[in-house]
Every structure is written in structure tokens, then in C-alpha cells.
Amino acid sequence: MSEGDALPPHLCPVPQRVLRQQQFTSLEEKPQFPGASADFVDKLDFIQPNVISGIPIYRVMDRQGQIINPDEDPQLSQEQVLKFYKTMTLLNTMDRILYESQRQGRISFYMTNYGEEGTHVGSAAALDDTDLVFGQYREAGVLMYRGYPLDLFMAQCYGNASDTGKGRQMPVHYGCRDRHFVTISSPLATQIPQAVGAAYAFKRDNASRAVICYFGEGAASEGDAHAGFNFAATLECPILFFCRNNGYAISTPTSEQYRGDGIAARGPGYGIMSIRVDGNDVFAVYNATREARRRAIAENQPFLIEAMTYRIGHHSTSDDSSAYRSVDEVNYWDKQDHPISRLRHHMLGRGWWDEEQEKSWRKKSRKRVMEAFEQAERKLKPSPQHLFSDVYCEMPPQLQKQQEALARHLRLYGEHYPLEHFEK
Amino acid sequence: MAAAGLGLCRAAVLASGPGPLRAGVWGRLPPLAAGPRRYAAHFTFQPDAEPSAHGQTQKMNLFQSITSALDNTLSRDPTAVIFGEDVAFGGVFRCTVGLRDKYGKDRVFNTPLCEQGIVGFGIGVAVAGATAIAEIQFADYIFPAFDQIVNEAAKYRYRSGDLFNCGSLTIRAPWGCVGHGALYHSQSPEAFFAHCPGIKVVIPRSPLQAKGLLLSCIEDKNPCIFFEPKILYRAAVEQVPVEPYYIPLSQAEVLQEGSDVTLVAWGTQVHVIREVATMAQEKLGVSCEVIDLKTILPWDTEAVCKSVVKTGRLLISHEAPLTGGFASEISSTVQEECFLNLEAPISRVCGYDTPFPHIFEPFYIPDKWKCYDALRKMINY
């Protein structure tokens, strides 16, 4: 292109977070490409991906719960730390009871959170109450931290008439508008670009609200994850991407999921600030999330947090993980590096907890869970009329006809249907 | 042929590196010796009369009527944002010209080249309570977003027990044959989405219809897909009100009353069947009732059935392939509801079960001759 031929304005690239390109000049041989801000090099050399010594893992406590670097102590109050502990252990108790209830055929399906309680509670505590949460399916502790009551967890799992989701979805697909927790859906990673859109809307609103989006290291392989990261960066959205890297996607270990340095290493590829943390260290998770949140809102840019952890439980009640991993491996994490034990050691070390309180809390929390469970089991299911509502905001005529057809059918053949368990 | 050969040779000798924006010596081509000229359209756009009920009107083609609807929306709804590939400079079909300058770069903006991201992002904007208008550059490229549309957008309200929804999402995409679009710039994918409870699918036949229907889609509290017949973007011109007005969704329109045959179509094909109705009257003395379906999902079963009860004969026509095309759904419902009224089997005049071809387009499309022939067979059944 000869000098003097200017591109029309609408075809000029607009630099945003990259350095402004040099003004076009024929004097020096500096790169003018719109696509990258870089210098020339005359030696042929490929960049070697570094997976042997990857991005380091930020932690605050050692495995005995001792703060390693006092500057990093979040200096939370005893009350706050107790809330962390009680939330994690209550979740653990609820998981045990509901897992068992599935094995006994009382609910259809369940997913536990064993080993990942630290990722839920550390991050949830670092958010504002009105920050919007998009989850995948293994983040019940976030909802629990926000005060979602046990009977609503149970109601959803049982699909009873108290379920605010109206019995529409499988267990653990929780949602709560008042607590700003978007209803879970089964397809993986679909929430990622959605979370970015919500963050963009919050930015326009000047709401000082962030969005946090949770997903596993397996879901991060989906195209939607790539889409979400790229959109968040280019559209400058106040969003936290929180990856729970727990080592497995059902039976697929990380060595078969990716070949790079985990998920954190992808962030810089998109222009995203990134960090890797010890997901079993609730204070590390808290610190990273808190700082990321503050900056995401202040600077309107995304942050990627990869929380390293381990999925102690099976993928779900439809999985038996002894088919693909050793019991020894699972026991190591359960016994030697568990977020709950680590926090307990910390609390014991500070004189904030003791054996008496542990015993008393275990008994009390179990009782609470059992009560909620028994109540949930006794309740009726919602009326079959709710099969047809909420497909659209208003019910279209065809659907009304189908609803009437089912009602007529049940009048004739009702004995073959479990109507006695449903509201009218 | 000799002239052509000489011309090309001379051109080669005189060739020097051409500038990017100047045709130069390459612009002087030899005269057209053989082969068909690129053919005229298979339809004649029939404009509707200028409406008097909505105030001042302005001459607008289809893309301008879309711009007008978007302009009205951005003006009245401070949460509304428009995004997609290349929308910032005005869009590859000029539908968003001027909007970024008028409303700001935070409201009219480009996204990266990623349809699943565009729709996913749009869902999120809507979930957060803002009005999201997502553009997919061609309906042919909507498929990467199919999961987000079918598994997410359509099901958001139902699966959450109405705790969450993305009703303020509208997806727009250019649709249908354009004369030379071939496999990937001509598709009419409405049938894929018709099978998806929870979304609405709308296709206008004209600028007047487009503005009113698009505004209704944007207002509608359900996620909507709005397909815009690209061949009409410039070709269709009408007097369109400058102020907003709303045409109801899920209401078909009887464009012409008749007693012998019901003809149903949507989008560009409405103009084809209008011409077929005229041909039928002139050549066969047959009186046709012409219906523009407008909304594919949820569709106006009552209007179509009411018409077939009267006429006894039904012909449905669409560019999309025959098998599994939306005409199948209409045909199936009508034979259930109007079986005893039918004088002849229901006729579907559609694209063949092939990908949309390039050079064979004139043979592929369900033109007025094919529709006329099918109608004739129905009358003589």
C-alpha cells in the first residue's frame, strides 16, 4: 500500500489494552502489524510450554493450618472463621446423608462436594451478597454460605412442593434468585459466556457488582469456556472465572484433559490476569478471590483463579471411582490434605475450637440435617399442572390444549399414575 | 471467443500490481459472449399500503426498517445493547448503520468471531435484566450457538421454576436464498428451532412487517429468534412509520381471502404465493386464500385450520428442504384437525432434500411454476 492511501476510519483497528502501534514510518524496520505488539527476532526458536515447573500455587496455611507468611493472614474474626468451618462441615454432613438417601432409592441422584468445601466457602466469603454466581454443579457450599436453608436444598433434591424450582430438574440443580445464585444446568461450561454477559450488564449499570463463574477443569475444555474467556477480555467485564481443578472429570484424569499447564496458564493467552491457588486452603482462596473481586470491579477486567484441589468423592451416585483410581490415592487426600481438617487445626491452634465443641457441633449439625431430610421426604410433590407452566412467560394455546389432554387422560387412567404423591 | 482471447492477452501484457481499491486494467473485461446473465429474482416484492395509524412514515427498505426498530429500542430502553460480528461499523447488511455513533460504543459493539459466545453472552445480559439484541451474521452460522439456544435460552425459565429467565434476549439473523448464496449463505433453519419449546421464531415478509414484528420480539418476555430475509434487504421498499409500532406474534395474517385453496408461506415465499394466487385466478379461475404465517413457533394453528375448513385444500411452501421442514408440522396438524374437510392431500412445495446449491439455485427453489403445478394437481384431484 503506497503512502497516502489511508484506510477509511471504520476499517482501522482500535487498540484497547495493547500498546499503541508505532505511527507508520518508512525509516525504521519496526513491525507494523495490527495483530501483535512485538519486536522482530532473527533466530528461529519455538516457545517451549512449561509444564514441569508450572505457575506456582499460592497458599496461606501449611497443612497443619499454620499461617506461613503473616503478611498474608486475612485476619478474619473468630466469628467469621467459625462460619467457614460450620458451613464446610454442615455441607459435608448434608452430603453424607443425601448420598446415602440416593443409595437407598429415596432420591434419584446426588453429587457430593467432598474435598472441595474450601473452594466454595473461601470464595463465597470474599464476595458481596449481591454478586451474581453462575455455577456448574459442585458449588453447593457457596449457596450454603449465603444462607440457603437445608430444607430448600432437600426440597430440590426431593422435587417436593416446596422446591422453588418446581420439581423440574434432577437433584443438586439448585437456584436462588434472592441469594443471586443462578439455577444450575447440566450442560457443562454453558454458564461461562452467560456469566460474562451478566458482568457486562453490571458494568453498564455501574452497580459495583461482580460476577463469579465456577467450572471444573474438564468443563474448561469446552468451546464455551474459550468463548467466555475471550469475550470477557475483549469486552472488559468485571468477572471472576473460578476453576475448580479437582483432578478428574468423571474418570478422565487431567493428563487426558489437557497438555498445557492447567487452566491458569490459559488466562494470559486471552489477556486475562491469572492466579493458581491451593483450593484446600480456605484463606488462600479467600485472599485471591477478594483481591480479584476488588480489581475486577475497579478496573473492569476479568480475573482467572485456578483452585487446585481433589475430588474425594465419586463424580456422582452414578459413578464408582474405584474403577479408575486407587483407594490409597483417595485416602491420601481425605486424611492428609483436607480443607476441613486444615481449618480445624488452625482453629485449634488459635484456641478457637476444641474437642467438646467438635462433638457437640457434629451432633447438632447431624440432627439439623436429619430433621430437614425427614420433613422433605414426607412432603407431597408439586401438582402435575406444573409440567406445563413456565415454558413461556404466558402459556400458549397448544400447551393449554396439551395440559387439558393430560387432565382428561388422568381422569380415565389415573390409577396407573402415582397421583397420591402429588398435590392436585 | 477470439475477441475474448485477445482481450485477456492484452490485459495480461498490460498487467501491473493493481491497487487494492482500484480495478484498473482488470476492469476492462471482454464482452459477455456466452452463459446466462445472473438472473432476475424469482419473486416480485408486493409492498403493502402505507399505514395511517402510526404517524409519520418514511420510505425504508428492509434493512432500514430494522435499523429504525433498533433505533427506537435503544432510544427508549436504556438497558438495550446490540452486539455481534461487525455490527459496530453498521453490519455487513447495514442494519446497524449509525447506531454506535448515536448511542455509544458500550451499547453497539463488536464481539469476537464466536456464535456460541454471542448467544451465551446475550443470555447472560438478559439474565442480568438488560435487553440483549444479538446478531448472528448469517442464519447458516447459527449452529455453533444451537446448544446455548436449545439447552439454555429455551429452558431457562422452565428449569429454574421461573426464578430466572432470559426473556429480554432477541437473536437476529439474515435468512433465506439470495440468488447466489449457495450452501452457507442461503439457509432457512427455522425447522430446527420449531422443535424447541421455550423460544419463539419469527420471520417477516416486508419492511413494515419486520419493524413491527422485531419490536414485538424485543418486547416479548421470551427469547426470540428473528430471521430476516436477506434478499429483501434492499429489494423490499415500503412507507414505514418512524415511531415504534407492534405487530402481534403468533398471529398469522390472511393477505387475500379465497374459497378454493389455502396457500401458506412466510418470509420471501409469501410474495411467490401471492403471484401464484394471481396465476391461479387468471389461468384456472381458482380463488386462493393467501396466509402469511409470520410466527413459526408458537404458530397460529387456529388461523390456518379455519381457512382449510373453508377451502378444503392446503398448499404450504418454503425454501427449506422438504423432509422435516416446517410444512410437515403444519400438514400434520391440519390433517388431524380438518381431516373431513380436505378435498385433496395437503401439498408441500419446498426445497429439495439437498444442501442449498450454487449454480443450480434456479432449479432448487420452490418457484411459482412449481407451486402453480402443485395447485393445479390439487384442484384436479
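Per chain, numbering begins at 1; letters A, B, ... match sequence-line order.
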At a heavy-atom distance under 4.5 Å, which candidate from E115(B), K200(B), R159(B) has the highest pair count against chain A?
R159(B)
Leading residue by heavy atom contact count with chain A [cutoff under 4.5 Å; candidates N165(B), D220(B), V125(B)]:
V125(B)
Side-chain touch D162(B)/K166(A), heavy atoms, less than 4.5 angstrom:
yes
At a 4.5 Å cut-off on heavy atoms, which part of [X] comes close to chain B: side chain, backbone, both, or neither?
X: Y174(A); answer: neither
X: L387(A); answer: both
X: Y392(A); answer: both
X: R168(A); answer: side chain
X: H386(A); answer: backbone

So, for F164(B) and T183(A), which heavy atoms are closest and what is the spacing to 0.1 Å?
CD1-OG1, 3.3 Å
How close do D147(B) and P187(A) get, heavy atom to heavy atom, and via which atoms?
OD2-CB, 4.4 Å
Do we see a donor-acceptor contact under 3.5 Å between the side chains of S185(A) and E152(B)?
yes
Check the pair T164(A) / L163(B) against side chain to side chain contact (heavy atoms under 4.5 Å, CB included), numbers first and verdict last.
CA-CA 8 Å; T164(A) 53; L163(B) 294 177; 3.7 Å; yes
Please tell me whether F388(A) and Y158(B) form a close aromatic pair, meaning their ring centres lie under 6.0 Å apart.
no
When only pairs under 4.5 Å are counted, which of [options] shares the most heavy-atom pairs with chain B?
options: V182(A), L235(A), L132(A), V196(A); result: V182(A)
options: C176(A), A199(A), G167(A); result: C176(A)
options: N230(A), L399(A), V211(A), D224(A); result: D224(A)

Can we say K105(B) and E236(A) salt-bridge, meaning some charged N sits less than 4.0 Å from an Asp/Glu carboxylate O?
no
Would D106(B) and R204(A) count as a salt bridge (Lys or Arg N to Asp or Glu O under 4.0 Å) if you check the C-alpha gap in whole Å, the side-chain angles of each, and the deciding distance to 0.1 Å?
CA-CA 8 Å; D106(B) 60 317; R204(A) 282 211 67 236; 2.9 Å; yes
